[in-house]
Amino acid sequence: MRSTLLVGALLTAITTTGALAQAIKLADVAELSGGGATVGTNWKNGIDLAIEEINAKGGVLGRKLEVSHADSQSNPGVARAQVQKALDAEPYVLLGPGYSGSVKVTAPLAAEAGIAQIMGGEAAELTQAGNKFLFRTSFGQQSSMPKVAKYIHDEMKAKSVAVVWVNNDFGRGGRDVVVKELDRLGSKVVADLSTEAGQADFAADVGKIKAANPDAVFVYLNEEESARILKELKRQGVTAPLMGETTLIGQKVIELAGDAANGARGHVGLTTDAPVDLIKAFREKFSKKYNYVPDHNGLKGYLAVYMVKATTEKMGKVDSKAFADTLHGLTIKAADEPGILMDVTFDANGDIDRQSFLVEVVEGKQVVKQVLPKVK
Amino acid sequence: MSNLFDLLVAGLATGAIYALVAVGFTLLWQTSQTINFAQGEFVMLPAFLMLAAMHAGAPFWLAIILGILLSMILLGLAFKMLLVDPMMRHGVLPLAIATMALAIGIKEAVKQFFSAEASPFPSIVPTGDIAILGHAVSLQSIGVLVVAILAVLGLTTLLNRTSLGHQMQAAAQNPTVARIIGVPVERMILLTFLINAFLVALASLLITPIYLAKFSSGEVLGQAAFIAAIVGGFNQVRGAIAGGLLIGVLDNLAASYVSTQYRAAVPLIFLIVVILFRPQGLLGRAEERTV
């Protein structure tokens with residue numbers, strides 16, 4: 001009897017220890033191919049780097065992190081199927097996707113499963129629908145576009161603006177907010193041009209911009225198309241200052257557009273050129289591991305994992321149901337968790353608040369011109 | 001209307017690329033009744049072969065030569081011998097489906113072995129503009145247009161003015177009779193595949209600096225060229241050229257004067273209109289159906 005009890009106790013101990021040592025499983029669904037391949041590849045690499053670092057230091061609450069990556073092919077339909085598949089494996093937290101259209105169709109699935117989704121989408125509407133499980137790694141357009149419109153109106157002194165945007169959820173969301181804000185501030189939109197994702201020839205669009213003769217041009221396209229339109233704007237001799245967001249002045253755009261990117265300005269929530277020591281260190285680590293300088297999506301993926309770490313350590317337990325409740329209203333300080341890179345606060349909608357930057361491309365490099373403070 | 005001239009030039013330059021690719025559709029259709037749904041990927045691949053050569057240390061000019069030669073071997077010779085010849089005996093439909101599978105295979109292979117991200121590609125034409133009739137016209141547009149016109153002129157001269165071209169046409173029009181009069185039909189068909197491979201490599205060289213080198217770039221291009229070939233006439237080289245130029249110009253004019261939002265729909269609407277009123281295409285030859 002005594003030996004049976006001893007064996008039982010030993011078995012229980014082994015099983016419990018085994019459970020404690022089990023890895024914390026994260027699921028990532030990202031744009032690893034298709035139009036958003038740059039976005040997804042950077043996001044994935046950022047995630048992998050963070051996990052490698054965290055595991056090397058003993059993991060989270062003594063447990064290692066593990067991630068499975070799935071390719072959405074930059075297609076919302078595929079993203080939905082991949083997220084469903086990922087949720088079936090009951091991950092602790094879902095990471096991704098990066099495209100707003102894909103986030104829009106996958107967020108209800110994660111919410112239904114009660115799993116927090118930390119994503120890269122920036123469309124304003126994503127966090128406005130009352131979803132309590134959705135969290136941003138970057139500013140939503142409702143936070144960034146007013147800053148952009150204010151800069152165009154106040155700093156560029158533009159009375160007339162041409163707005164060119166990509167006709168998808170991301171582009172339409174940004175366009176709607178910036179046009180409304182420009183109107184409110186008194187800058188007139190003299191050309192409002194929608195373009196297609198994957199479009200190669202921007203001669204006609206730039207011709208229209210030229211004909212409208214605006215004081216400034218707001219460009220809101222995906223990275224590859226941004227590079228193409230920058231080349232065409234330069235070729236057709238458009239001299240009006242160019243303003244955009246991260247997708248206009250990112251590293252990949254600069255690489256693809258070459259000289260044509262010089263002079264473009266943009267508001268960025270995250271940039272590896274930020275004058276922040278922790279971000280500089282991140283850039284160095286990332287470049288060393290992957291042999292290229294990441295864009296903002298690399299930072300987003302990295303942060304997403306550190307959001308998981310900080311929130312879990314705050315809870316003191318691995319509980320996917322309580323995760324979202326804990327992250328709402330949470331402020332994570334970089335001094336306490338260096339992986340978060342800058343002090344961040346998450347509001348009741350899952351929106352993020354932190355410092356941001358005003359960047360200009362000078363001789364093929366991003367130069368930070370201004371640091372903009374947290375909103376609250 | 002002041003930028004009409006610019007739009008026409010840019011449209012013709014893009015259209016010339018579509019024409020080069022569309023000619024491939026008609027060449028293969030005429031000689032071997034093959035619809036190659038991987039034609040767009042055939043344009044994408046040579047750019048990556050050239051990039052691979054450059055990464056290996058080859059200068060650009062050598063990379064171009066290597067890229068064209070490798071394209072002719074892979075997309076001409078190997079395509080014919082390993083896919084078209086074995087599948088041909090099963091009919092046109094299985095062959096067409098096999099080319100769709102090939103398109104996916106090429107895309108995935110490039111994504112896997114190279115990168116899913118877009119890469120810049122050097123241009124053989126210098127950047128900058130030249131003044132024509134008071135308009136600044138891009139040297140790149142002119143270069144694309146000139147090279148494409150020269151390639152097509154060379155092809156039509158070969159087909160219409162040389163003994164080799166006459167043999168190719170004879171092999172395409174009636175292989176049985178051509179064999180009887182001593183035309184080496186198999187060799188002529190192989191030559192057609194090699195010419196198609198050369199044309200797609202040339203198109204790749206011209207268009208990749210504008211489109212960027214990306215594994216998925218063949219999708220848009222293949223679709224546009226396919227529409228161009230049908231609009232112009234699937235069984236006529238001159239039809240494919242006219243179709244390509246028309247689609248290129250129409251796309252730019254529609255974006256500028258109708259709506260940028262619906263520009264993608266315009267070539268499709270044009271295609272439907274042409275098929276409704278002239279099913280053989282604008283310059284195509286009506287073919288009798290054999291029962």
Side-chain angles (χ1 to χ4, degrees), chain A residues 30-42 44-45 71 73-75 164-167 172 191-211 222-228 231-232 234-237 251-260 292 295, chain B residues 1-11 13-15 17 107-108 110-112 115-123 127-129 135-141 207-217 219-221 224 248 251-265:
Chain A
E31 292 73 12
L32 300 178
S33 65
T38 305
V39 173
T41 307
N42 275 282
K44 174 188 175 291
N45 290 345
D71 182 8
Q73 297 170 21
S74 308
N75 176 332
V164 50
W165 47 285
V166 55
N167 192 7
R172 211 176 303 114
D192 185 6
L193 305 172
S194 101
T195 65
E196 295 302 317
Q199 187 173 317
D201 187 352
F202 284 93
D205 309 271
V206 174
K208 280 192 162 183
I209 293 170
K210 220 175 156 183
N222 295 326
E223 277 89 347
E224 285 157 31
E225 290 78 30
S226 289
R228 292 184 190 126
K231 284 183 175 182
E232 189 61 30
K234 187 183 178 203
R235 197 194 71 69
Q236 290 200 30
Q251 287 297 336
K252 191 72 192 174
V253 181
I254 296 171
E255 180 196 335
L256 296 175
D259 288 351
Y292 75 97
D295 70 3
Chain B
M1 299 292 279
S2 64
N3 63 346
L4 178 64
F5 183 81
D6 301 333
L7 289 172
L8 281 175
V9 174
T14 312
I17 296 293
K107 261 193 306 192
E108 292 302 313
V110 170
K111 187 175 86 181
Q112 195 64 35
S115 169
E117 294 189 51
S119 305
F121 190 86
S123 172
T127 49
D129 294 338
H135 293 265
V137 181
S138 133
L139 278 171
Q140 204 165 29
S141 292
I207 203 164
T208 312
I210 303 164
Y211 273 62
L212 306 173
K214 187 162 182 185
F215 76 98
S216 58
S217 65
E219 292 165 9
V220 179
L221 198 56
D251 180 51
N252 261 356
L253 293 183
S256 190
Y257 297 120
V258 184
S259 159
T260 49
Q261 196 152 3
Y262 302 109
R263 71 186 295 173

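Side chains are part of it too, since the values below use all heavy atoms of this structure and drop only hydrogens, waters and symmetry mates. Because the structure is predicted, anything quoted here is derived from the model rather than measured. Letters A, B, ... are given to chains in the order of the sequence lines, protein chains preceding strands, and every chain is numbered from 1.
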Side chain, backbone, both or neither: which part of [X] has a heavy atom under 4.5 Å from chain A?
X: B:Phe215; answer: side chain
X: B:Ser119; answer: backbone
X: B:Lys214; answer: side chain

Measure distances from [X] to the heavy atoms of chain B and classify the residue's part below 4.5 Å as side chain, backbone, both or neither.
X: A:Asp71; value: side chain
X: A:Asp201; value: both
X: A:Thr41; value: side chain
X: A:Arg228; value: side chain

[atom2] on [Y] to [atom1] on [X], rounded to 0.5 Å:
X: B:Ser256; Y: A:Leu193; atom1: OG; atom2: CG; value: 9.5 Å
X: A:Glu224; Y: B:Tyr211; atom1: CD; atom2: OH; value: 13.0 Å
X: B:Glu108; Y: A:Ser33; atom1: CD; atom2: OG; value: 6.5 Å
X: A:Gln199; Y: B:Asp251; atom1: CD; atom2: CG; value: 7.5 Å

Next on the checklist: Just so I understand: if I count every heavy-atom pair under 4.5 Å between each of B:Ala254, B:Ser217, B:Ser141, B:Pro120 and chain A, which residue has the most?
Outcome noted: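 Winner by heavy-atom pair count: B:Pro120.
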
Checklist entry - Does A:Glu196 reach the side chain of B:Val220, with side-chain heavy atoms less than 4.5 Å apart? => result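 No. Closest side-chain heavy atoms not under 4.5 Å.
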
Checklist entry - Distance-only, no hydrogens or angles: does the A:Lys231 side chain make a donor-acceptor pair with backbone N or O of B:Ile210 under 3.5 Å? => result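 Flag not set: sc A:Lys231 to bb B:Ile210 has no pair under 3.5 Å.
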
Next on the checklist: Please check: side-chain N/O of A:Lys252 versus main-chain N/O of B:Ala118, any donor-acceptor pairing under 3.5 Å?
Outcome noted: yes

Checklist outcome for this item: Correct closest heavy-atom pair for B:Asn252 and A:Ala204 would be O-CB, 3.6 Å

Item to check | Options A:Arg235, A:Gln236, A:Lys208, ranked by heavy-atom pairs under 4.5 Å with chain B, top entry | outcome: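 The option with the most such pairs is A:Arg235.
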
